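It should be emphasised that the depicted structure is a prediction, and the values quoted were computed from it without experimental measurement. The sequence lines fix the lettering, A, B, ..., with proteins before strands; numbering per chain opens at 1. Values reported hereafter were calculated over all heavy atoms of this structure, with side chains retained and with hydrogens, waters and symmetry mates removed.
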2 protein chains.
Amino acid sequence: MNTETIINALSNPIRLKIIVWLKDRSNFPPALPEHANEEGVCIGYIQEKAGLSQSTISSYMSKLKQAGLVDSERHGQWTFYRRNEAAIQAFMDAIATELLANKK
Amino acid sequence: MNTETIINALSNPIRLKIIVWLKDRSNFPPALPEHANEEGVCIGYIQEKAGLSQSTISSYMSKLKQAGLVDSERHGQWTFYRRNEAAIQAFMDAIATELLANKK
DNA sequence: TTCATATATCGAACTATATCGATATGCTAT
DNA sequence: ATAGCATATCGATATAGTTCGATATATGAA
């Protein structure tokens with residue numbers, strides 16, 4: 001994904017927080033027993049933590065996904081979101097190369 | 001300066017480009033002889049390169065300055081802008097710590 | 001099939017950002 | 001003083017982003 005799209009996705013404070021929260025599963029309530037072996041966090045928990053409406057968080061998550069920062073997987077009625085670590089790392093490398101004077 | 005303000009300043013593609021352009025003085029026309037020992041680039045050159053109106057670039061530069069990404073110095077009727085390398089580096093460190101899973 | 005739950009999409013209202021031209025300020029030279 | 005530049009600020013308009021509630025879709029259970 002391109003740098004500009006990603007910066008845009010991260011330029012909203014709640015979306016940025018979501019990416020940070022997702023670093024650590026313990027930022028959210030424990031998964032239900034039947035989801036014990038799913039990776040990621042269901043969107044309901046993210047919504048609850050963010051304190052915004054369900055529709056807002058749904059569209060935020062799809063924006064983060066479009067930017068490549070998260071992946072999602074649907075299991076039954078739940079959608080689980082998790083960070084795309086490789087994409088995040090690649091973005092950090094790209095932005096560092098672009099911005100820092102001593103690089104490139 | 002805080003991370004959120006900086007991300008916002010960088011979330012405009014022209015502002016981001018300006019910061020990148022300022023890495024290398026040769027992205028701009030040579031300084032006038034009487035400005036030979038000024039650091040930075042006068043805003044007129046930045047405007048010319050960006051191709052936006054003078055007022056737009058002026059406010060972009062003041063936004064970048066407020067975010068701490070550039071410093072400015074006025075000499076006579078000219079204002080010279082240059083990158084604040086320390087601030088840019090500090091921002092990169094902060095955002096890497098915040099975003100990357102293996103940090104902090 | 002019908003109901004409840006989780007998530008997604010739609011439409012609207014409000015706020016913020018981008019961007020311009022016009023005007024103001026400040027400096028330099030005449 | 002005044003005229004001419006470089007830059008800054010102001011006011012306006014258009015576009016984009018935020019955020020919500022309402023509605024749609026998909027799934028699982030009764």
Colleague: Output the rounded distance in Å from CD (A/E73) to P (C/dA8).
Modeller: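 The answer, rounded to whole Å, is 13 Å.
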Colleague: If we ignore angles and hydrogens, is there a donor and acceptor under 3.5 Å between the side chains of A/D93 and A/Q89?
Modeller: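 Yes - a donor-acceptor pair under 3.5 Å links their side chains.
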Colleague: Does anything in residues 6-15 of chain A reach DNA chain D, meaning a heavy atom under 4.0 Å, and if so which residues?
Modeller: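 Within this stretch, A/N8, A/N12, A/R15 sit under 4.0 Å of the strand.
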Colleague: Distance check needed: C/dA18 C1' versus B/I57 CD1, whole Å only.
Modeller: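 Nearest whole value for this atom pair: 11 Å.
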Colleague: Should A/I7 and A/F91 count as side-chain neighbours, where that means a heavy-atom distance under 4.5 Å?
Modeller: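 With C-beta onward as the side chain, the pair touches.
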Colleague: Could you tell me whether the side chain of B/W78 reaches within less than 4.5 Å of the side chain of B/E38, counting heavy atoms only?
Modeller: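 Answer no - side chains too far apart.
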Colleague: At 4.0 Å (heavy atoms only), tell me whether B/F80 reaches a base, stays on the sugar-phosphate, or touches nothing.
Modeller: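 No contact at all - B/F80 keeps every heavy atom at 4.0 Å or more from the nucleic acid.
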Colleague: Are any non-hydrogen side-chain atoms of B/V70 and B/I18 less than 4.5 angstrom apart?
Modeller: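 Of all side-chain heavy-atom pairs linking B/I18 with B/V70, none is under 4.5 Å.
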Colleague: Between A/Y60 and A/I46, is any pair of side-chain heavy atoms under 4.5 Å apart?
Modeller: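 Counting from C-beta outward, A/Y60 and A/I46 never come under 4.5 Å.
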Colleague: Just by protein heavy atoms under 4.0 Å, how would nucleotides 22-30 of chain D read 5' to 3' in B, S and -?
Modeller: B----BS--
Colleague: Nearest-Å distance, CD (B/Q66) to P (D/dT9)?
Modeller: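 That distance rounds to 10 Å.
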Colleague: Roughly, in whole Å, what's the span from CG in B/L52 to C1' in D/dT7?
Modeller: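 Taking CG of B/L52 and C1' of D/dT7, I get 16 Å after rounding.
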Colleague: Hey, can you pull the residues of residues 32-41 of chain B with a non-hydrogen atom under 4.0 angstrom from DNA chain C?
Modeller: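 Under 4.0 Å from DNA chain C: no residue of residues 32-41 of chain B.
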Colleague: Would you tell me if any nitrogen or oxygen in the side chain of B/S53 comes within less than 4.0 Å of OP1 or OP2 on C/dC20?
Modeller: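 Result: yes.
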Colleague: Using whole Å, report how far CD of A/Q47 lies from P of C/dA8.
Modeller: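 Atom-to-atom, A/Q47 to C/dA8, this comes out as 11 Å.
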Colleague: Below 4.0 angstrom from OP1 or OP2 of C/dA8, is there any side-chain N or O of A/T79?
Modeller: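 A/T79 to C/dA8 OP1/OP2: side-chain N or O found under 4.0 Å.
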Colleague: Just by modelled atom types, is the A/N84 backbone N or O under 3.5 Å from a matching donor or acceptor in the A/R82 side chain?
Modeller: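 Pair absent, no side-chain N/O of A/R82 close to backbone of A/N84.
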Colleague: Is B/V41 close to B/W21 at the side-chain level, that is, under 4.5 Å between some pair of heavy atoms?
Modeller: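 Side chain of B/W21 against side chain of B/V41, heavy atoms only: no contact under 4.5 Å found.
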Colleague: Are any of the side-chain heavy atoms of A/L16 and B/L99 separated by less than 4.5 Å?
Modeller: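 Yes; the side chains approach each other to less than 4.5 Å.
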Colleague: So B/I95 and A/I95, do their side chains get closer than 4.5 Å, heavy atoms only?
Modeller: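 No, side chains not in contact.
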Colleague: Say whether, by atom type as modelled, one donor and one acceptor occur between the side chain of B/R83 and the main chain of B/L22 under 3.5 angstrom.
Modeller: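 No, the answer is negative, given that no donor and acceptor are paired below the 3.5 Å cut-off.
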Colleague: What is the distance, rounded to the nearest whole Å, between atom OH of A/Y60 and atom P of D/dG17?
Modeller: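 Going from OH in A/Y60 over to P in D/dG17 covers 11 Å.
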Colleague: What I'd like to find out is whether the side chain of B/I19 reaches to under 4.5 Å of the side chain of A/E98, using heavy atoms alone.
Modeller: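 Contact flag for B/I19/A/E98 side chains = no.
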Colleague: Within the structure, does a side-chain N or O atom of A/Y81 lie under 4.0 Å from either OP1 or OP2 of C/dA8?
Modeller: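 So the side-chain polar atoms of A/Y81 do come within 4.0 Å of the phosphate oxygens OP1 or OP2 of C/dA8, strictly under.
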